[in-house]
2 protein chains.
Amino acid sequence: MKDAKVRLFVEHPLGEGQTIPLERDQAHYLFGVMRLGVGDFVELFNGHDGAWRCEVVQAGKRAGVLACEAQVKPLQMPPDLWLLFAPIKKARTDFIVEKAAEMGAARIMPVQTVFTNSERIRQDRLQAHAVEAAEQCGGTYVPEVTALQKLDRVLADWPEGRQLMFCDEAEVGSSSALSGVFASEAAREGQGAGPWAILIGPEGGFSPEERARLKALPFAHIVSLGPRILRADTAAVAAMTLWQQALGDWR
Amino acid sequence: MKDAKVRLFVEHPLGEGQTIPLERDQAHYLFGVMRLGVGDFVELFNGHDGAWRCEVVQAGKRAGVLACEAQVKPLQMPPDLWLLFAPIKKARTDFIVEKAAEMGAARIMPVQTVFTNSERIRQDRLQAHAVEAAEQCGGTYVPEVTALQKLDRVLADWPEGRQLMFCDEAEVGSSSALSGVFASEAAREGQGAGPWAILIGPEGGFSPEERARLKALPFAHIVSLGPRILRADTAAVAAMTLWQQALGDWR
């Protein structure tokens, strides 16, 4: 049995007996770039039906058809973890989205803080980065990238019961250990972590007013990420690592 | 007292009464790019003497002199942690070096594995990235970037007493939890971790022979980084996070 070397996200349902028509870009990628042809295998996932090994049954320059052969992986939902971050320079914003998808965030939320430089983001482009990261990391789920929202507004509409882990560079070198934050959490008893979010501040840090507001929130937990100041993209991976290991699907 | 907004790594000794002549590039950066002038302050560090608040006493287009005013931070050495990684595409290799410096590696070692694409690296350019990352993260120490060496050779010359944490994508989704790896370590008793290294595999994974050899090493500990396959740069940050939190200076 030949291995499927290429993974592709599709919108189409996947299941026993399903055939999947390809969009033009996907046909170009599979048959033009990757040089696949009829009889080759591709792994497809759509965020709902797990991952399926599919056979190429028609291959053209602008179109093609795949046929589902067997499910190779069930749907694996990430934990209910949101990543909120203040957009930074283009390349690093792209990295944060890619990393969030790899690390297993369920939702990626760009937020505008007082010190955020970006006034807008290309939501469609960031969503495409999340798809590509899911394809590459073997995931069966693609996190949603939401539109840019003001942090104030997001906090005002905060859903009941969702905890917030908030990484503040003003806490660099402080002793607030993660273990303390999580000690009282359900994780200890082997229960699910419940809904959480991680908030990564902008390069310039939070404003004094934002910091005061965040600290006063009953659902917020301040976490220190060591004695050095991390760039936002490094901080996002580090914070998600701590969370996944303590409460998420790395346990 | 005006704050020093710019941090700069210099080779020159720092201390009470020291004056530091600037190199041409540094003078251009401080006075041309950052628009500093006589009377402004800069934070200097050299990897030995901690960080010093220094005053600009001469500023020219191609030269300048700073004078040490006061030590603002003692030297903070990172833990004795090496990061070994197989170089990948240019931008991601740069990122790994930057991240290793931010995360507090003491030494950064590019290694050539069977599936490594790169035959050579620009050691000087990578070292410059490590300097820049140390400047930006508030560190007082710059990790050394070594020349590219063959993994085989590095393992053959492995120093006695140094532990190796080895992150293998073939272990994705396995249950080898980090807590098990570290349970027997001195960290539990509050002692220092001793010398360690982290090895991140290349994009194509390790060869079967490499994997067998690594697994057989008495000083090697296999660690899983969750159920998704992480890119090498993501894996480097995640692995260093786990290590720093369990054994390093994030405790």
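FYI, side chains are in, hydrogens and waters are out, and symmetry mates aren't considered; it's all heavy atoms of this structure. In what follows, chains are A, B, ... by sequence order, proteins preceding strands, each numbered from 1.
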Looking only at the aromatic ring of each residue, does the gap between the centers of B:W196 and B:H221 stay below 6.0 angstrom?
yes
Less than 6.0 Å separating the ring centroids of B:F9 and B:F45?
yes
Please determine if [X] and [Y] form a salt bridge, counting it only when a charged side-chain N lies under 4.0 Å from a carboxylate O.
| X | Y | result |
| --- | --- | --- |
| A:R7 | A:E135 | no |
| A:R162 | A:D80 | yes |
| A:R228 | B:E102 | no |

No-hydrogen, no-angle side-chain donor-acceptor test under 3.5 Å, B:Q76 and B:T140
no
Is the backbone of B:L8 close enough, under 3.5 Å, to the side chain of B:E43 for a donor and an acceptor to pair up by distance?
no
Chain A interface, residue from B:G104, B:A239, B:G139, B:G138 that has the most non-hydrogen pairs under 4.5 Å:
B:G104
Among B:M103, B:R231, B:Q244, which has the most heavy-atom pairs under 4.5 Å with chain A?
B:R231
Hey, which of A:C137, A:A133, A:P78, A:A238 has the most heavy atom pairs under 4.5 Å with chain B?
A:C137
Among residues 84-101 of chain A, residues within the sub-4.5 Å heavy-atom range of chain B, in order of number, are A:R92, A:F95, A:E98, A:K99, A:A101
